[in-house]
Every structure is written in structure tokens, then in C-alpha cells.
A.B. asks: 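I'd like to ask you about the structure that follows.
We count ligands from 1, going down the list as the structure has it; atoms in each ligand are counted the same way. The analysis underlying the following values was restricted to heavy atoms, covering all of them including side chains, and did not include hydrogens, waters or symmetry mates.
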Amino acid sequence: MAFEGLAERLQGTMQRIKGKGKVTEADVKEMMREVRFALIEADVNLKVVKEFVKKVSERAVGTDVMKSLTPGQQVIKIVKDELTDLMGGEESPLQFAKKPPTVIMMVGLQGAGKTTTSGKLANVLRKKYNRKPLLVAADIYRPAAIQQLETIGKQLSLPVFSMGTDVSPVEIVRQALEKSKEDLNDVIIIDTAGRLHVDEDLMQELKDIRTIKEPDEVFLVVDSMTGQDAVNVAQQFNETVGITGVVLTKLDGDTRGGAALSIRSVAEKPIKFVGMGEKMDALEPFHPERMASRILG
Ligand code: GDP
């Protein structure tokens, strides 16, 4: 299960402080040592850990907390608040174009779950938002990727726009926009090419696609199992192409939690959705507070 180690450690630590009728500065220090250790072990970015520990410590040794009737519980609440904050605070809603079609661009490295997530997102848009999405196959380097998207489209009974591998992604997107107007699709989801590494060609291609029509959302799909690599990828994509949010996949696996807890502060972009399985209905909006509650038990 995801976050298992982190949850176990933090819950143990919180249990120890919970019942205390009096919390001293030394207690807070001891607790924060354990929290720090738990976060590092969960592969959370070191700078993020430091800032988190500092913030919680400062708030927890405040006189209001120390003098309250339930200081242990107050401290736990502070940890929960700060954990929520670390993951973005509020849920971050989907942005739609004022004038359709809304354009959502899916970017990411190969294998992160981009094509699968494109399908899942189309499914969410249809079911929860009552939209009429068009999936666009813009990965011209891997014929298998186009086929995969077509298979997903069939499975969901949703249209997929593709032009094979001989037309440039820019042209594909241009024509997909025309097609969406004809067929009254109010959202287009562009599945762009993934690469094994972040490279200049990939970034340039993504920038070129952006020139056709400024996307309303650019979602970076990253695999939560890759921990700090996912965080670095998010930072790089944000700096070079610009992203509006992150989809963190494979949270149904036994990821330690580092990516989920670090991405927001390192890449400064919210996690919008999480992938919870391979099936087409396994995409959920990301709720920072619920996630914090889950971790703290
Ligand atoms: P792409 O190369 O980024 O387009 O990645 P794919 O969409 O082909 O996904 C790669 C693999 O990850 C596939 O086997 C997917 O079924 C799997 N996958 C994607 N998202 C999730 C998820 O949230 N949970 C699990 N368990 N598997 C996922």
C-alpha cells in the first residue's frame, strides 16, 4: 500500500504525543526528530523536509499550544495542517476554456502512464463534467502509442483523432481542433510523445504544439514510484515547457510517498489527479487534506 512506512512511523510518533497533558519544547524536538526521519525515509526532498520541520516546530512550541488543555492534540493538528499545505492545501479544480474547445495537453516521460491517463481523464470529463471529449494521438514516434490510444477510445466509446506517424504533431493538433469544431467536441486531450529522458527535441515539440492554441491545462504525468526522479522531471518540465498541474500515477502501488509530498513545493505546481490503478475509472481528484488524514490515520 502507498505511504505504508510513512503512515506507520508518523502514526506511532503522533500516538506518543497525543495523550500528553503537558508538552515541553523537548517533547516537540523529540517528535520532530522522528518526523524528520520518517519523511526522509519516505524519500521526501531534503529541502522540503527541513522547511516542514521548521514550520511545524515553530508553531508547535508557540505558547498557545503549550498552554492549551490538549497540547498533544494541538500539535497533531499542526502536523496535519502543514502536511495538507505541503501537498497544496486546497483541491485544485480543472480549468476550462471560456470558449470551447478546452485544450488539455498531456506530457511526460515514456511509461509514466500518459496514454492511460489521457483515457481516464476523458472518461472523468464525460462522466463527471458532462463534456464531449476528443482524444488526440500526437505521439508520432511510436505507432504502438497511437494504437494504444485507439484501443482505449474503443473501450470507452470515445472518439480518437489520429493521422498516423507521417504528419507533424503541430499539424495533427491543428486538424484535431478543426475536427472538434465539426463534431462539437468541447474538450480535446492531446496525448503527446513521451521520451526516455527529458531532451531538447521533446521540449521543443511541446512548445511548438502550444503555439497552435494555448492549452487550458498542461498536465505532466509522472510515476509516483520513481520518487525524487518524478520531482526532478516535474521541475524540468515546468521550467522549460510550463505545466499547470501534475497527475501522479500508480498510487495504488507501494510508493513511499516522496513524490506526492515534494512535488508541490519543488515544482510549484499542484497535483490535480492521482492514478489508482490500470482501469479506466481509476483516476481521482487529489485532495491534500484527505491524503494528509490518510497518512496520519
Ligand atoms: P505512457 O508511456 O506514459 O503513455 O504510459 P502508459 O499509459 O502506456 O502506461 C504504462 C503502464 O502503466 C501501463 O501498463 C499502464 O496500465 C500502467 N499504469 C498507468 N497508470 C497506472 C496507475 O495509476 N496504476 C497502475 N497500477 N498502473 C498504471
Side-chain angles (χ1 to χ4, degrees), residues 1-4 87 104-125 127-128 133-156 158 160-162 164-165 169 172-173 188-199 201-203 205-206 209 215 217-227 229-234 236-237 241 243 245-261 263 271-287 290-291 294:
M1 202 195 86
F3 305 111
E4 199 165 19
M87 290 184 283
I104 303 178
M105 198 166 137
M106 308 298 285
V107 304
L109 299 185
Q110 209 169 299
K114 191 164 34 59
T115 305
T116 311
T117 305
S118 300
K120 288 177 180 176
L121 187 60
N123 197 26
V124 166
L125 283 161
K127 276 192 174 162
K128 292 203 183 134
L134 173 67
L135 287 159
V136 181
D139 182 353
I140 57 165
Y141 307 99
R142 288 191 316 138
I146 301 176
Q147 275 165 18
Q148 190 189 347
L149 197 65
E150 280 170 349
T151 306
I152 286 172
K154 272 205 193 92
Q155 196 184 328
L156 293 169
L158 283 173
V160 175
F161 184 84
S162 67
T165 53
I172 293 172
V173 171
I188 73 165
I189 300 174
I190 309 167
D191 184 23
T192 67
R195 303 285 160 87
L196 291 175
H197 312 279
V198 178
D199 62 54
D201 288 349
L202 169 63
M203 293 304 183
E205 183 175 297
L206 297 173
I209 294 177
E217 296 276 19
V218 180
F219 287 156
L220 172 73
V221 181
V222 287
D223 179 345
S224 62
M225 301 292 286
T226 61
D229 279 346
V231 179
N232 295 335
V233 166
Q236 285 172 324
F237 269 83
V241 196
I243 58 173
V246 173
V247 179
L248 203 54
T249 62
K250 308 183 196 182
L251 224 65
D252 51 312
D254 57 0
T255 170
R256 283 185 285 164
L261 291 170
I263 275 187
I271 299 172
K272 294 244 183 175
F273 290 94
V274 288
M276 298 298 293
E278 295 189 79
K279 296 220 178 89
M280 279 300 126
D281 58 0
L283 186 72
E284 298 175 6
F286 182 68
H287 299 287
R290 273 186 226 166
M291 188 57 84
R294 211 179 108 187

A.B. asks: Given Thr249 and Met225, is the side chain to side chain contact (heavy atoms under 4.5 Å, CB included) satisfied, shown in steps?
C.D. replies: CA-CA 8 Å; Thr249 62; Met225 301 292 286; over 6 Å; no
A.B. asks: Let me know which protein residues bring a heavy atom to under 4.0 Å of ligand 1; chain then number is fine for ordering.
C.D. replies: Leu109, Gln110, Gly111, Ala112, Gly113, Lys114, Thr115, Thr116, Lys120, Arg142, Gln148, Thr249, Lys250, Asp252, Gly275, Met276, Gly277, Glu278
A.B. asks: Counting only N and O atoms by type, is there a donor-acceptor contact under 3.5 Å from the side chain of Thr192 to the main-chain atoms of Ala138?
C.D. replies: no
A.B. asks: Is any NZ, NE, NH1 or NH2 atom of the basic residue among Glu205 and Arg195 found under 4.0 Å from an Asp or Glu carboxylate oxygen of the other?
C.D. replies: yes
A.B. asks: Does some side-chain heavy atom of Leu109 sit less than 4.5 Å from a side-chain heavy atom of Thr226?
C.D. replies: no
A.B. asks: So, do Ile189 and Leu125 sit near enough that their side-chain heavy atoms are less than 4.5 Å apart?
C.D. replies: yes
A.B. asks: In this structure, which one of Leu283, Val247, Leu251 forms a side chain to side chain contact (heavy atoms under 4.5 Å, CB included) with Val274?
C.D. replies: Leu251
